[in-house]
Every structure is written in structure tokens, then in C-alpha cells.
There are 2 protein chains.
Amino acid sequence: MTGRGTGPVVVLVEDEPQMRRFLRVALEAEGYRTVEAPTAAEGLQQVAGHNPELVLLDLGLPDGDGVDVTRQLRTWTTVPVIVLSARGQEGDKIAALDAGADDYLTKPFSTGELLARMRVALRRAERRDTPADAVFELDGLRVDRERRLVSVHGAEVRLTPTEYRLLALLVQHAGKVLTHRFLLAEVWGPGRTAQTHYLRVYMQQLREKLEADPARPRWLRTEPGVGYRLHVAS
Amino acid sequence: MTGRGTGPVVVLVEDEPQMRRFLRVALEAEGYRTVEAPTAAEGLQQVAGHNPELVLLDLGLPDGDGVDVTRQLRTWTTVPVIVLSARGQEGDKIAALDAGADDYLTKPFSTGELLARMRVALRRAERRDTPADAVFELDGLRVDRERRLVSVHGAEVRLTPTEYRLLALLVQHAGKVLTHRFLLAEVWGPGRTAQTHYLRVYMQQLREKLEADPARPRWLRTEPGVGYRLHVAS
DNA sequence: CGGCATCTTGATGATTTCCTGATGCGGGGG
DNA sequence: CCCCCGCATCAGGAAATCATCAAGATGCCG
């Protein structure tokens, strides 16, 4: 990755080096991180690999049409795509937009307008990122992942970020046994899959906050030698 | 309502009768139902009254700026807004887009492109759930997003623009936890998602102005390590 | 050019969360 | 019977995050 910082990641699919450089400089000055791809094939790869917040896509690529790239992307991702093109024909615009592009800018365009349209696309995308079926409920235990709220028999429970992540994982795979290794990798990163002690401490804290009798857990069951599990049956 | 059928409802805010007629005919031929408004004030009313799927907004209105109309709308609804303008200056575009518009078309534009961009906006807006009311009230806290008025137990509270934007976001997602990153991106732009200090300062100011006891907030709750939330339950 | 409102930035103490070590408990094998 | 191992439990200090106050910087308006 070329850019630094913590801003959104943008994939630039553009064959002309000069244009690429211009975009990279402009975007990085605004705090974006950029990934560059000079061809359609590489563009698809980079999007798949980096899972960016936005894609800037040139229509005239050496190895394929930008419209096809858009159609390809739309089969598996809803990442915002802004098309940049030298062609300003109505037909081109309609084809690109109907293929799934979010906006269409005709070269030459002003940097300010590009940035403004990028902000629009990011704004829209941010709002859509919330799945609606995010409420889990089981026998008094309620986990609302949209609001990030947890309650037991109606009483709201305050969880720390780590506690919540752990619980969210268990809920997501309700009923299944999750190994120590898996939980550690997901919550603390792949680096510390040996610190099983972390898990014990946080499971204890979760039980303390959620279970009526923490010593005899109803939901947060231990699977000795393997890991933990959110028990679903009665 | 002028249009027939069951298609999406579109509010046309446009003072020129000829242009209005042209749009109405073009849209109804595509199956849209149209509602017309010749002024900014009437436009706001029609949007509030019809809860349309889309708004087409002319910038040059007799009784106010279209950018202001957009900003007004955005304080309480996320309905897609496409701006139509005779002015093609970069500054106009950026102002409108940053005020919350989803797209900006410079007159004269082709009908085909307009319809394609409308399809994009409708596609993007799909599967969302903001039956947002223009006036939010909760237990003495009142936020009128149509008039941009905030009051606590009847007493009006003066908020700075940034304070209001922050509060409006919290109100729009009342009950949900909004992450630092999200709030910063919405209020200060995607570039400064690391300046959590801004948030602390402004949350403090909001609490100072709204809460009876700023140190023990009733509405503006901190979610440590995550973000902030407008508390709705008891 | 002030004056005013607002936004930004810095400094400091309080609070919350995280990590870590110590200790207790219980079952299985020697 | 005792030791060892995995798990549970408790608690204290380190680190990160948050609240608070206030002083500069900025921009706007007359």
C-alpha cells in the first residue's frame, strides 16, 4: 500500500502513469490511503485483496472495458465505484451507471469536484454498512449488534470493547464450539494464540455480567480442552 | 399528487414552469409519480408531507438557495437529492454535494443521463429504514430538525453549527452506538478520523448545554472505547 | 481594524479498561 | 495419597481512554 495514515483506502484503476500520480498525490493530501492498479485484471485483484472503501475506475484500460470491471465487481461487492472517463457520451455514462457505477466524471475534472463526489459516495456507503438482522435473542439474553446493546431479561448490561467482541463472536457462531486458538486470533490478533489466560479472564467477566450463577453458566459453556461455546438448547 | 401508478414518488422542486413540465412528463413516462413544488419553502413541506423516494432540486429558487434546502433536509432525512442547476461552477457543485446532495447535474442535461443517475440514487438508497420524523422528542429534549431548533423542557438552546451536526447525527441514530470514526467522518470529513479529541470537546459542550448534570449525562452517553450514543430507554 | 462567535489545540487529572500474577479448585495418573 | 494440569477466580498496577478547563487561532461582520 502506498499511502499512510488511517483514512479510507481507495483503489485507483488507471493505466496512465501521469494521471495515477496526480490522483495519488491529491488523495493522499486529503488523508486517503491509495492502492494503484494499471490494468483491469490487476484492479479486480487489488479490490479483492484490499477491501477498499472506494474505487476510482478509468474506463479506457488496455486489457478490458471499465464497464465490465464494474459489472464484475458488482457480482460480489457493493463498494462505491466512481468512473473517470475521457468519453463524455451519454451512452457511455448510462452504460457505466447501469452496470453498477455510483458516479461518472468526465475528464478533465476538477480535483475539488472529484473529492466532493468521493465524500458523497463514502457517506452513502457508511450508512448502508449495517445489516438489519443483527439482533440475537435467546431465552432472556439479547444481543443487538446494530445498536451494540446487550441485555439480560430486559436489564441493560455494559460491556467493555473486548468483552463485547468476544460475546459477538460466540453469538455469531451460536451453538458451535469455538477453539481457544480461533477466539484468541479474532479478538487479540493472530499473534497471541497462546495466551489462553486472556480468554479465561474475559470469559469469567462475561459470565459475571451475564449469567445468573456465573459458576454454573447457562449460556457461556466451557468445552474442556477445546474452547468455549454459546449453548443454545435449554 | 400529479402522477399515477405505483412507481417511486419524486418531489420536483423547480420554479420554472416549463422545466417542471418537462421533468414531469419525462418522469411519468418512466412510471414515476411526481409531486411539484415551485419554491424552497413548498419543497420542504412536500418532502415532509410525501416522504418521497427521491428529490430533484433546482438550485436557483426565488425564495432561497437550493444548498440551504439540501442542508435543511439532511437534518432529518436521508432521501436521495439530485441537484439540477444552470450553474456549473466547481464551487457550486462542491457546496451542494457537501451540503448533502447525492448528485449534481448541470443544465442542459440529457434525459437519459438524468434517469440513469436517478436509478443509481434509488439503487443506493434501497433497503434502508429511516422513517425519521422531522421532530424528535424524548423526555424533555426536543430537536426540531426542520427548523433547526433545540430545546430542553421548553427552554431553547443555542448550538453552534458543529454542535448541532453532532447532535443531529446522534438523534438520527437514536439508541445506536456511533463510533468515533463514524462521527468524525460525518462531521469533520473522512480525512480526520483520528482526531478523537474533537469529539470529546464537543460532546462536553453539548452536555454542558443540554444535560442537567453534565457529569452524569442522561442522554449523551459515552460508550468507552467505542463511541457515543443517544440513550433512549429509561 | 476590532469585536464576537466558533473552532482548534494543549495541558492535566479522572476514569475505565487491559494485562498480569497469585491463588484456589478439581479430576486423572502415578 | 499426592502431584500435575487445565480452568476459575480475584485483585492490583499499567496503559489507554475520557472529561474538563482554558488559551490561542481563525473567520466573519460591521
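These numbers come from a predicted model, not from an experiment. Letters A, B, ... mirror the listed sequences (proteins, then strands); counts begin at 1.
Under 4.0 angstrom from either OP1 or OP2 of D/dT17 there lies no side-chain N or O belonging to B/Arg200. Within the structure, every side-chain polar atom (N or O) of A/Thr196 is placed at least 4.0 Å from both OP1 and OP2 of D/dG6. Phosphate contact (OP1/OP2 of C/dT17, side-chain N/O of A/Arg158, threshold under 4.0 Å): present. Listed pair A/Tyr198 / C/dC19 fails the phosphate criterion, with no side-chain N or O lying under 4.0 Å from OP1 or OP2. The shortest distance between the side-chain N/O atoms of B/His180 and the OP1/OP2 oxygens of D/dC18 is below 4.0 Å. Checking the phosphate oxygens (OP1, OP2) of C/dC19, a side-chain nitrogen or oxygen of A/Trp188 falls inside 4.0 Å.
As rounded to whole Å, 7 Å separates atom P of C/dT6 from atom CD of B/Glu163. Remark: P of C/dC7 and CD of B/Gln205 are 8 Å apart, rounded to the nearest angstrom. Atom P of nucleotide D/dT20 and atom CG of B/Leu206 are separated by 13 Å, given to the nearest angstrom. In this structure, NE2 of A/His197 is placed 15 Å from C1' of D/dC5, rounded to the nearest angstrom. If you take CE of B/Met203 and C1' of D/dA19, they are 11 Å apart, rounded to a whole angstrom. For the pair B/Leu199 CG and D/dA16 P, the computed distance is 20 Å after rounding to whole Å. Per the geometry, CD belonging to B/Gln195 stands 16 Å off C1' belonging to D/dC18, to the nearest Å. Atom CZ of B/Arg216 is separated from atom P of C/dT16 by 10 Å (rounded to the nearest Å).
Residues B/Tyr228 and B/Trp219 place their aromatic rings such that the two centres sit no closer than 6.0 Å.
Among the nucleotides D/dA8, D/dT20, C/dC7, the one closest to any side-chain atom of B/Pro161 is C/dC7. Of the candidates C/dT17, D/dA8, C/dG10, the closest approach to any side-chain atom of A/Gln204 belongs to D/dA8. With C/dC19, C/dT9, C/dG21 as the choices, the nucleotide that has an atom nearest any side-chain atom of B/Val201 turns out to be C/dT9.
The distance from the OG1 atom of B/Thr196 to the CZ atom of B/Arg200 is 4.0 Å, given to the nearest 0.5 Å.
Contact of the A/Thr111 side chain with the A/Leu23 side chain is not registered, since no non-hydrogen atoms from C-beta on lie closer than 4.5 Å. Within the 4.5 Å cutoff, side-chain heavy atoms of A/Leu170 are placed close to those of A/Met203.
Backbone-only contact: B/Tyr228 has heavy atoms under 4.0 Å from sugar-phosphate atoms and none from a base. Across all strands shown, A/Thr162 has heavy atoms under 4.0 Å from sugar-phosphate atoms exclusively, and none from any base. Here A/Thr222 lies in heavy-atom contact (under 4.0 Å) with sugar-phosphate atoms only.
Heavy-atom contacts from other residues, nucleotides or ligands closer than 6.0 Å to NZ of A/Lys107 number more than 12.
Scanning all heavy atoms of the two residues, the minimum distance from B/Thr70 to B/Ala96 falls at CG2-O, 4.3 Å.
Both B/Gly225 and B/Arg192 lie near DNA chain C, and the one whose nearest nucleotide falls closer to the 5' end is B/Arg192.
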